[in-house]
Amino acid sequence: MKTFIQYIIQNPDYIILVLSSAFLVSYFIRWVIRNNNNSDDDDNNGGGGTSNDNDDPVLDLPPGVCLPRDKNEPEMV
């Protein structure tokens, strides 16, 4: 331990390097958390499938697929 302290005292640049690296890593983590908006979602609400104006779920259905209808319609023959 004494050797480590003597080495740091002789080379104070390592303290600056460690502190600046820790600051940059923490800044990057905070930036990612703050800007996490799920840009790959189809809706522009910031993702998550929630919208404040209605209670309908947001479904990402593939093209050509639709939801079933509420009442049965007669089939055309």
Side-chain angles (χ1 to χ4, degrees):
M1 185 69 177
K2 284 186 175 183
T3 314
F4 177 73
I5 293 173
Q6 289 174 355
Y7 183 77
I8 293 297
I9 290 172
Q10 292 173 357
N11 301 312
D13 295 338
Y14 287 112
I15 295 174
I16 296 169
L17 178 68
V18 168
L19 291 177
S20 63
S21 298
F23 173 77
L24 288 175
V25 168
S26 67
Y27 181 81
F28 179 74
I29 290 172
R30 285 185 280 143
W31 180 81
V32 167
I33 291 172
R34 187 176 351 129
N35 292 327
N36 189 11
N37 61 359
N38 296 332
S39 62
D40 60 339
D41 285 344
D42 289 340
D43 57 9
N44 293 327
N45 296 345
T50 59
S51 75
N52 297 331
D53 39 298
N54 61 14
D55 292 334
D56 295 335
V58 177
L59 302 175
D60 291 331
L61 298 174
V65 176
C66 62
L67 294 175
R69 301 184 188 271
D70 290 340
K71 60 182 180 178
N72 292 334
E73 294 182 2
E75 294 182 14
M76 299 182 84
V77 184

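Here Phe4 pairs with Ile8 under the side chain to side chain contact (heavy atoms under 4.5 Å, CB included) rule; sequence neighbours left out. Every residue two or more places apart in sequence or in another chain that forms a side chain to side chain contact (heavy atoms under 4.5 Å, CB included) with Phe28 is listed here: Trp31, Val32. In this view, Asp13 satisfies the side chain to side chain contact (heavy atoms under 4.5 Å, CB included) rule with no residue, not counting sequence neighbours. The side chain to side chain contact (heavy atoms under 4.5 Å, CB included) check on Ile33 picks up Ile29, with sequence neighbours excluded.
Counting only residues at least two apart or in different chains, ring-ring contact (aromatic ring centres under 6.0 Å, His included) contacts with residues 5-27 comprise Tyr7-Tyr14.
With Ile15 as the fixed residue, the side chain to side chain contact (heavy atoms under 4.5 Å, CB included) test singles out one of Val18, Asn11, Leu19, Leu17: Leu19.
Hydrophobic clustering, defined by side-chain heavy atoms of Ile, Leu, Val, Met, Phe, Trp and Tyr closer than 4.5 Å, groups Met1 together with Ile5, Ile9.
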